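Just follow the structure's listing: the first ligand is 1, and inside any ligand the first atom is 1. Nothing here was measured: the structure is a model prediction, and the numbers come from that model. Excluded from the calculations below are hydrogen atoms, water molecules and symmetry mates; all remaining heavy atoms, backbone and side chain alike, are included.
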Amino acid sequence: MSEVGMVVDLSVVVPSYNEEEVLTELHRRLTEAIEPLAIRAEVVLVNDGSSDGTWARMLELAASDSRLVLVNLSRNHGHQLALTAGLSQAAGRRVLIMDADLQDPPELLGAMMDLMDAGAEVVHGVRRHRAGESQWKLATAALFYRLIERLTEVPIPRDVGDFRLISRRALDVLLAMPERHRFVRGMVSWIGFRQTSLPYDRQPRFAGKTKYPLRRMVRLALDAITASSTRPLALASWAGIGMAVVSCGLLAYSLAAWTRGETVVGWTSLMAAVTTIGSVQLFVLGVIGEYVGRMYEQVKGRPLFIIERVVRSPEKAIPSPDAAQ
Ligand code: UDP
Ligand code: MG
């Protein structure tokens with residue numbers, strides 16, 4: 001419930017970076033999607049340090065629509081943090097996350113709300129088809145989703161972006177996760193609860209250019225992998241074990257050559273030293289990696305578990321303060 005005591009049924013959170021060309025159309029399509037649902041809604045527009053007229057356009061729109069909540073960041077913080085800033089200001093009982101560029105159709109809101117009425121706590125939009133994107137973007141995105149799928153412990157559904165509807169309960173858990181490198185979609189999957197998907201066809205950008213050049217995509221991929229997995233740290237252990245096997249073979253070979261007197265003096269001992277030290281070093285790195293991984297998990301400070309509900313027989317139930325009233 002918001003401070004003024006009015007229940008906001010839905011907050012739509014839209015991070016925007018240099019999106020002046022799309023905001024008016026976004027506002028129009030969103031309004032059209034929200035109106036028939038007859039709910040109390042707010043639209044949280046986040047200006048992520050844009051260098052164009054995004055903020056001025058937002059103020060213009062807000063002048064004639066009291067549903068708009070504007071959040072202006074001090075500088076460009078990047079998509080995931082802009083999104084997090086918007087989420088922190090959302091008052092709604094449900095929150096729709098979408099991009100400003102209308103690649104995610106707001107018209108799906110009704111269907112997403114229905115799935116949530118049926119008990120889902122998170123409804124992901126799953127990209128069935130992506131129109132108007134370059135082969136390059138499609139190929140790198142496909143590679144990215146598949147890599148993430150192999151690396152993470154809690155599965156992140158494939159071809160899911162940030163377009164999703166989440167419940168207040170899931171949002172509160174998300175906001176209570178203090179990690180700095182945020183990969184929101186991975187974090188939402190990690191939360192659990194009942195999550196469902198809604199397939200849709202991704203539209204081309206309404207106007208403007210993508211704000212995700214290769215550099216940012218690589219950074220997002222790195223954040224995604226490191227935020228959701230410590231498996232890469234185990235690489236050294238595996239390399240150490242592989243190297244140990246190889247070094248045993250090499251050692252046997254060089255010893256055999258030595259007994260036959262086929263070697264230069266010193267070669268056998270050198271081979272033995274190099275292969276053994278190599279595998280021991282890798283193995284020790286792997287051991288350190290395991291500890292670093294555990295420290296990383298600890299430092300992330302995520303909740304240990306998230307309880308969906310507790311069922312007790314009525315006799316055992318301890319009356320909670322608000323149940324006692
Ligand atoms: N965005 C942002 N800050 C940034 C980069 C992007 O808020 O530093 C927003 C952008 O305005 C858009 C969303 O994040 O609403 C997704 O960006 P974009 O559509 O450019 O990514 P793509 O769909 O090409 O992957
Ligand atoms: Mg886009």
Would Tyr200 and Asp104 satisfy side chain to side chain donor-acceptor pair (under 3.5 Å), going step by step from the backbone distance to the final call? CA-CA 8 Å; Tyr200 73 106; Asp104 313 320; 3.1 Å; yes

Tell me, yes or no, whether the heavy-atom count around Phe283 atom CZ, taken from other residues, nucleotides or ligands under 6.0 Å, exceeds 12. no

Taking atom CZ of Arg128 as the centre, does the number of heavy atoms from other residues, nucleotides or ligands within less than 6.0 Å exceed 12? yes

Show the numbers, then the answer: is there a salt bridge (charged side-chain N to carboxylate O under 4.0 Å, His left out) between Asp223 and Arg182? CA-CA 7 Å; Asp223 278 348; Arg182 301 178 83 80; over 6 Å; no

Output the set of protein residues with a heavy-atom contact under 4.0 Å to ligand 1, ordered first by chain identifier and then by residue number. Pro15, Ser16, Tyr17, Glu19, Asp48, Asn76, Gly78, His79, Ala82, Asp99, Ala100, Asp101, Gln103, Lys137, Arg202, Arg205, Thr210, Lys211, Tyr212, Arg216

Criterion ring pair (Phe, Tyr, Trp, His ring centres under 6.0 Å) on His124 and Phe163, from CA distance to verdict: CA-CA 6 Å; His124 308 278; Phe163 184 40; over 10 Å; no

Hey, which of Arg28, His27, Arg29 is the one that makes side chain to side chain donor-acceptor pair (under 3.5 Å) with Glu25? Arg28

Whether Asp9 and Arg93 form a salt bridge (side-chain N of Lys/Arg under 4.0 Å from carboxylate O of Asp/Glu) is what I want to check. yes

Apply salt bridge (charged side-chain N to carboxylate O under 4.0 Å, His left out) to the pair Glu35 and Arg67, showing each step before the final yes or no. CA-CA 11 Å; Glu35 228 121 68; Arg67 270 199 288 241; 2.9 Å; yes

At a cut-off of 2.8 Å, list the protein N/O/S atoms near the Mg ion (ligand 2), residue plus atom name. Asp101 OD2, Gln103 OE1

Any heavy-atom pair between the side chains of Tyr253 and Leu251 that's under 4.5 Å? no

